[in-house]
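Lettering follows sequence order; numbering is per chain, from 1. None of these values were measured; they are calculated from a predicted model. Values reported hereafter were calculated over all heavy atoms of this structure, with side chains retained and with hydrogens, waters and symmetry mates removed.
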Amino acid sequence: MLPDLSERKAQARRVVRQLKKDYADAECALNFDSPYQLLIATILSAQCTDVRVNIVTKDLFAQYPDAEAMAKAKVPKLEKIIQTTGFFRNKAKNIHAASQALVDQYDGEVPQELDKLVALPGVGRKTANVVLGTAFGIPSGVVVDTHVGRLTRRLGLTDKADAVKVEKELMEAVPKKEWIDFSHRLIHHGRAICAARKPKCDKCHFLKFCPQVGV
DNA sequence: ATCCCGAGGG
DNA sequence: CCCTCTGGAT
């Protein structure tokens with residue numbers, strides 16, 4: 001049973017305060033040097049570690065640094081480069097088509113509106129929110145990936161499984177000015193401490209308000 | 001065997 | 001809501 005909104009807001013304040021203490025300088029772990037490159041790196045990050053994405057994008061961006069170059073690439077060549085990130089056929093097709101759409105519709109630039117980003121092939125809310133927040137500093141939503149979903153459920157900020165529903169509840173409970181850092185820091189905490197399989201509760205600073213304690 | 005900074009389609 | 005797409009890491 002999910003606590004009411006005022007209690008979730010109070011819990012969110014505790015979480016935000018501890019995240020700031022533990023992960024003050026947390027930032028995006030993906031390597032990029034333009035909004036376009038962040039967009040592509042984020043598409044590649046589905047079901048893949050950021051470490052591996054960075055290995056692949058080093059090669060990929062050396063050959064295809066922007067939307068114009070990527071739109072001219074041959075899809076089988078892209079498949080080969082990104083092969084080890086998984087889902088490589090879908091990702092290669094989507095990266096190529098999204099790059100072509102950027103060239104056709106936005107002169108090769110990345111739009112700064114959620115609905116325009118989500119309309120691109122292979123771009124959902126999670127990817128769009130990463131690009132808007134991290135590349136443009138626009139808090140258009142809360143990034144909900146596998147880490148954010150898992151941790152906010154464990155911490156009692158949501159009881160939903162669906163990422164869109166989780167995002168909606170987090171947008172209610174977490175102040176808008178915290179949205180961007182909130183997700184980044186939760187992701188860091190999810191990787192370092194609150195892992196899916198063997199969470200290191202003995203090293204966790206969130207225990208004093210974690211509903212999982214004793215469960 | 002299970003999870004990793006998901007998206008699209010049924 | 002479910003399923004599929006995929007290789008790598010643990």
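- Residues meeting the side-chain hydrogen bond (donor to acceptor under 3.5 Å, both in side chains) test with A:Gln100, sequence neighbours left out: A:Asp104.
- Nucleotides of DNA chain C nearest to A:Ala161 and A:Thr85 differ in position, and the one nearer the 5' end is that of A:Ala161.
- Regarding contacts with the backbone of C:dC1, a side-chain N or O of A:Lys165 is found under 4.0 angstrom from either OP1 or OP2.
- Each of A:Arg89 and A:Lys198 was assigned the nucleotide of DNA chain C with the nearest heavy atom; the assignment lying further toward the 5' end belongs to A:Arg89.
- Put simply, NZ on A:Lys80 is 17 Å from P on C:dT6, counting in whole angstrom units.
- Between A:Asp162 atom CG and C:dC3 atom C1' there is a gap of 15 Å when expressed in whole angstrom units.
- Nucleotides C:dC5 and B:dC4 have their C1' atoms positioned 15 Å apart, rounded to a whole Å.
- Residues A:Lys77 and A:Gln63 bring a donor and an acceptor atom of their side chains to less than 3.5 Å of each other.
- With A:Arg8 contributing its side chain and A:Leu2 its backbone, the two residues share no donor-acceptor pair below 3.5 Å.
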Item to check | Under 4.0 Å protein heavy-atom contact, by nucleotide of nucleotides 1-10 of chain B - B base, S sugar-phosphate only | outcome: -BBBBBSS--
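- Side-chain contact check for A:Gln11 and A:Arg14: at least one donor-acceptor pair (N or O, by modelled atom type) lies under 3.5 Å.
- Grouped with A:Met171 in one hydrophobic cluster are A:Val15, A:Val16, A:Leu19, A:Tyr23, A:Val142, A:Val144, A:Val148, A:Leu151, A:Leu155, A:Leu157, A:Val166, A:Leu170, A:Val174, A:Trp179, A:Phe182, A:Leu186, A:Ile187, A:Ile193, A:Phe206, A:Phe209, the linkage being side-chain heavy-atom contacts under 4.5 Å among Ile, Leu, Val, Met, Phe, Trp and Tyr residues.
- Taking atom C1' in both B:dT2 and C:dT6, the straight-line distance is 15 Å, to the nearest Å.
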Next on the checklist: Using the rule given for salt bridge (Lys or Arg N to Asp or Glu O under 4.0 Å), can you reason through A:Lys72 versus A:Glu68, listing the C-alpha separation, both sets of side-chain angles and the distance that settles it, and then say yes or no?
Outcome noted: CA-CA 7 Å; A:Lys72 291 177 190 162; A:Glu68 287 81 2; over 6 Å; no
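- With P as the reference atom, B:dC3 and C:dC3 are 15 Å apart, rounded to whole Å.
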